[in-house]
Amino acid sequence: MKTITKLTALREEMHQHNQSGCSIGFVPTMGYLHEGHLSLIKEARNNNEIVVMSIFVNPLQFGPNEDFNRYPRNIARDRKLAENADVDILFMPDADEMYKGILSVEMNVKERVNILCGKKREGHFDGVVTVLTKLFHLVQPRRAYFGLKDAQQIAIVEGLVEDYFFPVEIVRVPTVREEDGLARSSRNVYLSSEERNEAPAIYESLIEAKKKIESGEVSTSAIISGMKDFIHNETSGRVEYVEIYSFPELTPIHEWDGEIILAIAVQFQKARLIDNIIISLDKKENQHV
Ligand code: AMP
């Protein structure tokens with residue numbers, strides 16, 4: 001595995017691979033790797049000749065009161081995990097390398113954004129699409145791999161790629177979970193041991209809601225309040241949102257039909273956890289919400 005920190009070195013390296021016609025699979029991350037990231041790498045490894053992973057805690061996607069400074073980092077461990085997962089190129093730039101000065105053109109996400117995480121995390125997705133635009137231009141991947149755990153991110157990135165004709169295929173990778181159902185996340189280390197015991201309730205609430213929908217419950221407000229009550233009763237966390245939309249359009253649903261996302265965010269003392277499930281439904285008569 002080659003570790004690269006400079007733009008010029010990455011450009012040279014990628015130029016060679018692109019010249020030789022290799023397929024390049026790209027996995028952008030913020031590091032502190034876990035099984036979720038590793039499943040993205042595995043997918044990329046299975047379907048491309050060259051696998052590039054980036055580790056960059058992107059300052060632009062953190063709000064002033066968010067956890068940029070205390071975001072967990074462990075470069076030595078990440079490098080070992082990436083090497084063992086057979087990554088070919090690990091790109092780890094520092095912030096000055098990625099943002100040389102004030103941006104003269106800024107990116108602003110317009111659709112799929114003022115809901116779910118985008119509602120509270122103002123500017124977050126502007127930061128995400130900005131860094132991904134830079135990374136896509138540098139790496140020029142044929143495919144880029146994203147986890148469905150961050151489903152709003154996937155929906156927005158798919159919009160970016162479609163709007164601006166990026167020649168890259170966005171691959172959606174299913175959420176990897178702990179044995180008790182908790183979605184793997186770098187932020188799980190912020191949970192106290194009591195909170196860690198409670199946190200699987202987040203996924204349980206999604207599964208319960210899915211069962212209700214599949215067995216004919218048609219009221220979105222009943223589903224949402226059921227999930228909120230469950231989290232309230234089973235955890236010390238505070239529900240930030242429970243929302244239901246079509247996926248990946250992220251528009252309100254008027255009937256139970258097609259791909260539907262049920263998404264939740266719960267704030268614990270030091271960790272804000274998100275999770276979701278996507279349900280495929282066939283249109284049924286009288287199933288207006
Ligand atoms: P992050 O380092 O948190 O920015 O995540 C980098 C990539 O890994 C994103 O595409 C995430 O959606 C994905 N990811 C994070 N957690 C998981 C998980 N539990 N399962 C699958 N993918 C994940």
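Read the numbers this way: they start at 1 and go in the same order the structure lists the ligands and their atoms.
Note on residues 60-109: pairs passing ring-ring contact (aromatic ring centres under 6.0 Å, His included), not counting sequence neighbours, are Phe62-Phe68, Phe62-Tyr71.
Under the 3.5 Å distance criterion, with hydrogens and angles disregarded, no donor-acceptor pair is assigned to the side chains of Glu43 and Asn46. Using a 3.5 Å distance cut-off with no hydrogens or angles, the side chains of Tyr145 and Asn48 do pair a donor with an acceptor.
Cation-pi contact between Arg238 and Phe268: absent, since separation from the ring centre below 6.0 Å together with deviation from the ring axis within 45° is not met.
Partners of Asn47 according to the side-chain hydrogen bond (donor to acceptor under 3.5 Å, both in side chains) rule, which considers only residues two or more places apart in sequence or in another chain, do not exist here.
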Determine all donor-acceptor pairs shorter than 3.5 Å in which one atom belongs to a side chain in residues 156-168; sequence neighbours excluded.
{"from": "Glu158", "atom 1": "OE1", "to": "Arg172", "atom 2": "NH2", "distance (Å)": "3.0"}
{"from": "Glu158", "atom 1": "OE2", "to": "Arg172", "atom 2": "NE", "distance (Å)": "2.8"}
{"from": "Glu158", "atom 1": "OE2", "to": "Arg172", "atom 2": "NH2", "distance (Å)": "3.4"}

Please tabulate protein-ligand N/O pairs under 3.5 Å for ligand 1, atom names and distances to 0.1 Å.
{"from": "ligand 1", "atom 1": "2 (O)", "to": "Met30", "atom 2": "N", "distance (Å)": "2.9"}
{"from": "ligand 1", "atom 1": "2 (O)", "to": "His37", "atom 2": "NE2", "distance (Å)": "2.9"}
{"from": "ligand 1", "atom 1": "5 (O)", "to": "His37", "atom 2": "NE2", "distance (Å)": "3.4"}
{"from": "ligand 1", "atom 1": "10 (O)", "to": "Gly147", "atom 2": "N", "distance (Å)": "3.0"}
{"from": "ligand 1", "atom 1": "12 (O)", "to": "Gly147", "atom 2": "N", "distance (Å)": "3.2"}
{"from": "ligand 1", "atom 1": "12 (O)", "to": "Gly147", "atom 2": "O", "distance (Å)": "3.1"}
{"from": "ligand 1", "atom 1": "12 (O)", "to": "Asp150", "atom 2": "OD2", "distance (Å)": "2.6"}
{"from": "ligand 1", "atom 1": "16 (N)", "to": "Arg184", "atom 2": "O", "distance (Å)": "3.4"}
{"from": "ligand 1", "atom 1": "19 (N)", "to": "Val176", "atom 2": "O", "distance (Å)": "2.9"}
{"from": "ligand 1", "atom 1": "19 (N)", "to": "Arg184", "atom 2": "O", "distance (Å)": "2.8"}
{"from": "ligand 1", "atom 1": "20 (N)", "to": "Val176", "atom 2": "N", "distance (Å)": "2.8"}

